[in-house]
Amino acid sequence: MVDILDAGGRDTVEKTCRVLGTGGVVLLPTDTVYGLAVSPDHDDAIDRLFVLKQRPRQRNLPVMVDSPARLAPLGVAIGEGARRLLESDLMPGPLTVVLGLGRGGPCSWLEGRHEVAVRIPAEPFMLDLLQATGPLLVTSANLHGLPTMQTVADILLQLAREPALAVDGGPREIVPSTLVNCAVDPPVIEREGVVSQSRIREILA
């Protein structure tokens, strides 16, 4: 049976870091839906995440960081549209920004990609965790093709297998982040979520 920790627990960040650092898949609360997270340094953990979610391998995993300062080492290209979004009051927040990769190429664990989706979640637990771990690969905690459930208990019932650890932050809304593709010029809003299209256009104007 999977261990479940309280997101507000004194040692939860430390314990979660240990599990991620040893190649575990962790169920975590973000500011929108629950996510499944792994360290990009563990290929076997990435494999297990795809199995847990039954996600097609050709669908690349998004990245979460705690600050825009973490993006440069990934080798991403930040154009004017992306810069405006990253520097806006939407960050941290329920916004996913797709970035292309720079001329120098990506970091080793992003090799083979042409772009990467990045999130900076406005969730205190996640920001503390990401500050400690560095970038994590995080995708919504649902069986592929099914909606993401609101509670840890319901998510664990839905997944194909159990994660190594679950962190319970209480019920989450089921509205996803808004997705803006800044790897193209001009940027394109590919999914409207918490943030409205009009707000995105206002920032990009």
Side-chain angles (χ1 to χ4, degrees), residues 1-7 9 11-76 92 96-99 101-102 104-121 123-145 148 152 155-156 158-169 172 177:
M1 186 174 180
V2 61
D3 288 334
I4 301 177
L5 303 178
D6 190 313
D11 300 324
T12 300
V13 169
E14 180 182 346
K15 291 176 180 177
T16 305
C17 284
R18 285 203 297 268
V19 173
L20 289 166
T22 55
V25 181
V26 181
L27 174 62
L28 299 169
T30 79
D31 53 344
T32 53
V33 298
Y34 273 91
L36 290 168
V38 294
S39 166
D41 297 324
H42 293 272
D43 290 340
D44 54 342
I46 297 171
D47 291 339
R48 284 195 295 274
L49 191 157
F50 276 98
V51 172
L52 277 170
K53 191 178 166 72
Q54 295 186 352
R55 180 184 176 96
R57 286 303 300 241
Q58 64 268 27
R59 293 179 64 90
N60 289 322
L61 298 171
V63 173
M64 280 195 178
V65 295
D66 66 307
S67 164
R70 297 276 197 176
L71 296 177
L74 303 185
V76 296
T96 300
V97 178
V98 178
L99 302 172
L101 298 171
C107 64
S108 61
W109 50 270
L110 288 177
E111 286 181 358
R113 294 207 200 183
H114 301 292
E115 60 185 29
V116 58
V118 176
R119 280 260 280 131
I120 305 174
E123 163 63 42
F125 167 78
M126 282 299 300
L127 290 175
D128 288 345
L129 178 67
L130 289 162
Q131 185 175 34
T133 62
L136 295 174
L137 295 167
V138 186
T139 182
S140 58
N142 58 293
L143 210 59
H144 183 71
T148 305
V152 167
I155 291 168
L156 291 175
Q158 185 193 82
L159 294 174
R161 296 184 185 177
E162 288 186 340
L165 179 69
V167 177
D168 195 337
R172 301 282 108 167
S177 63

- request: Determine, stepwise, if the pair Val116 / Leu61 fulfils side chain to side chain contact (heavy atoms under 4.5 Å, CB included).
  value: CA-CA 8 Å; Val116 58; Leu61 298 171; over 6 Å; no
- prompt: If you draw a 6.0 Å radius around CZ in Arg59, do more than 12 non-hydrogen atoms from other residues or ligands fall strictly inside?
  reply: no
- prompt: Above 12 or not: heavy atoms from other molecules or residues under 6.0 Å from CZ of Arg113?
  reply: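 More than 12 heavy atoms, drawn from other residues, nucleotides or ligands, come within 6.0 Å of this atom.
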For the pair [X] (side chain) and [Y] (backbone), establish whether a donor and an acceptor sit closer than 3.5 Å, ignoring hydrogens and angles.
X: His42; Y: Gly24; answer: no
X: Thr133; Y: Cys17; answer: no
X: Gln158; Y: Leu143; answer: yes

Please determine which of [options] meets the side-chain contact (heavy atoms from CB on, under 4.5 Å) test together with [X].
X: Leu28; options: Val138, Leu129, Asp168; result: Leu129
X: Val25; options: Leu165, Leu52, Val19, Val51; result: Leu52
X: Val38; options: Leu136, Val26, Leu137; result: Leu137

task: Go through the steps to decide whether Ile155 and Asn142 satisfy the test side chain to side chain contact (heavy atoms under 4.5 Å, CB included), and finish with yes or no.
output: CA-CA 7 Å; Ile155 291 168; Asn142 58 293; over 6 Å; no
- request: Take Trp109 and Val63, measure what side chain to side chain contact (heavy atoms under 4.5 Å, CB included) needs, and give me the verdict at the end.
  value: CA-CA 11 Å; Trp109 50 270; Val63 173; 3.8 Å; yes
Less than 4.5 Å apart, any side-chain heavy atom of [X] and any of [Y]?
X: Pro92; Y: Glu123; value: no
X: Leu130; Y: Val65; value: no
X: Pro135; Y: Met64; value: no
X: Leu74; Y: Pro106; value: no
X: Val118; Y: Pro62; value: no
X: Arg55; Y: Thr139; value: yes

Find the distance between [atom1] ([X]) and [atom2] ([Y]) and round it off to the nearest 0.5 Å.
X: Thr12; Y: Asp128; atom1: OG1; atom2: CG; answer: 11.0 Å
X: Thr30; Y: Leu127; atom1: OG1; atom2: CG; answer: 10.5 Å
X: Glu14; Y: Thr16; atom1: CD; atom2: OG1; answer: 10.0 Å
X: Arg48; Y: Arg161; atom1: CZ; atom2: CZ; answer: 10.0 Å
X: Asp11; Y: Leu5; atom1: CG; atom2: CG; answer: 9.5 Å

Taking all atoms of both residues into account, what is the closest heavy-atom pair of [X] and [Y], and its distance?
X: Ser39; Y: Ile46; result: O-CG1, 4.3 Å
X: Pro29; Y: Met126; result: O-CG, 2.9 Å
X: Ser67; Y: Ile120; result: C-CD1, 3.9 Å
X: Cys107; Y: Pro73; result: CB-O, 3.7 Å
X: Val76; Y: Leu71; result: CG2-O, 3.5 Å
X: Thr148; Y: Ala141; result: CG2-O, 3.8 Å

Candidate pair Ser140 and Lys53, rule side chain to side chain contact (heavy atoms under 4.5 Å, CB included), full reasoning: CA-CA 9 Å; Ser140 58; Lys53 191 178 166 72; 3.2 Å; yes
Salt bridge present between Arg172 and Asp31 (N-O < 4.0 angstrom):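 Salt bridge: no.
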message: Apply side chain to side chain donor-acceptor pair (under 3.5 Å) to residues Arg119 and Thr32 and explain how you reach the verdict.
response: CA-CA 11 Å; Arg119 280 260 280 131; Thr32 53; 3.2 Å; yes
- request: Tell me, with the steps shown, if Asp47 and Arg57 meet salt bridge (Lys or Arg N to Asp or Glu O under 4.0 Å).
  value: CA-CA 9 Å; Asp47 291 339; Arg57 286 303 300 241; 2.6 Å; yes
